[in-house]
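Step one of this worksheet: look at the structure below.
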Amino acid sequence: MEISASTRLLAVIGDPVTHSLSPVMHNAALRALGLDAVYVALPTPAEALPPVLAALAAVGGSGNVTVPTRKRRNDAWRAKRICAPAWARAIRSGPSAAS
């Protein structure tokens with residue numbers, strides 16, 4: 001997998017997330033689908049969730065916020081509003097044209 005300036009950033013966001021297997025599973029799926037994207041774990045304390053979501057959305061990224069972090073922050077509506085449309089766009093755009 002080659003990462004470039006056009007690679008989409010997708011993430012599992014929360015605290016804790018370092019144990020998550022989501023990046024392994026999602027990156028395998030992204031490769032299999034030929035999508036130009038990378039999925040990472042972003043350790044994010046609940047109080048930092050709003051600016052992290054805003055920054056991720058500002059650069060066209062997307063992801064999932066862990067349930068414990070959403071409960072602590074009660075920003076589930078914001079995470080859904082920002083992340084779901086960007087993830088859907090990533091899937092709809094299909095395989096990368098870059099080789």
Side-chain angles (χ1 to χ4, degrees):
M1 168 190 340
E2 186 167 327
I3 299 172
S4 71
S6 62
T7 301
R8 287 185 184 92
L9 177 60
L10 308 171
V12 58
I13 304 163
D15 185 30
V17 292
T18 56
H19 67 285
S20 177
L21 296 177
S22 288
V24 173
M25 294 183 296
H26 282 86
N27 283 315
L30 292 166
R31 275 192 307 276
L33 293 169
L35 297 175
D36 185 12
V38 63
Y39 192 95
V40 299
L42 280 178
T44 306
E47 60 275 4
L49 189 57
V52 169
L53 289 174
L56 194 57
V59 297
S62 183
N64 306 310
V65 179
T66 63
V67 171
T69 301
R70 285 191 307 233
K71 284 183 179 176
R72 282 193 300 271
R73 184 63 203 188
N74 197 19
D75 277 342
W77 66 270
R78 182 168 170 70
K80 187 179 227 182
R81 195 182 92 212
I82 290 174
C83 294
W87 177 252
R89 282 192 303 274
I91 297 302
R92 280 196 307 270
S93 69
S96 171
S99 50

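The basis for the numbers below is simple: all heavy atoms, side chains too, and nothing from hydrogens, waters or symmetry mates.
- In this structure, CG in Leu10 is found 10.5 Å from CG in Leu42, a value given to the nearest 0.5 Å.
- In the hydrophobic clustering, where aliphatic and aromatic side chains (Ile, Leu, Val, Met, Phe, Trp, Tyr) are joined below 4.5 Å either directly or transitively, Met25 groups with Leu21.
- The two residues Pro23 and Ala41 have their closest heavy-atom pair at CG-N, 3.8 Å.
- Clustering of Ile, Leu, Val, Met, Phe, Trp and Tyr by side-chain heavy atoms under 4.5 Å joins Val59 with none of the others.
- Here the side chain of Ser6 pairs no donor or acceptor atom with the backbone of Ser4 at under 3.5 angstrom.
- Counting all heavy atoms, side chain and backbone alike, Asn64 lies closest to Tyr39 at ND2-OH, 2.8 Å.
- Pairing each heavy atom of Thr7 with each of Asp36, the nearest pair is OG1-OD1, 2.8 Å.
- Closest approach of His19 and Pro16 over heavy atoms only: CE1-O, 3.5 Å.
- Under the side-chain contact (heavy atoms from CB on, under 4.5 Å) criterion, Thr18 pairs with Pro43, not counting sequence neighbours.
- The shortest side-chain heavy-atom distance between Leu9 and Val40 falls under the 4.5 Å cut-off.
- Under the rule for a side-chain contact (heavy atoms from CB on, under 4.5 Å), the partners of Thr66 that lie at least two apart in sequence or sit in another chain are Val12, Val17, Pro68, Thr69.
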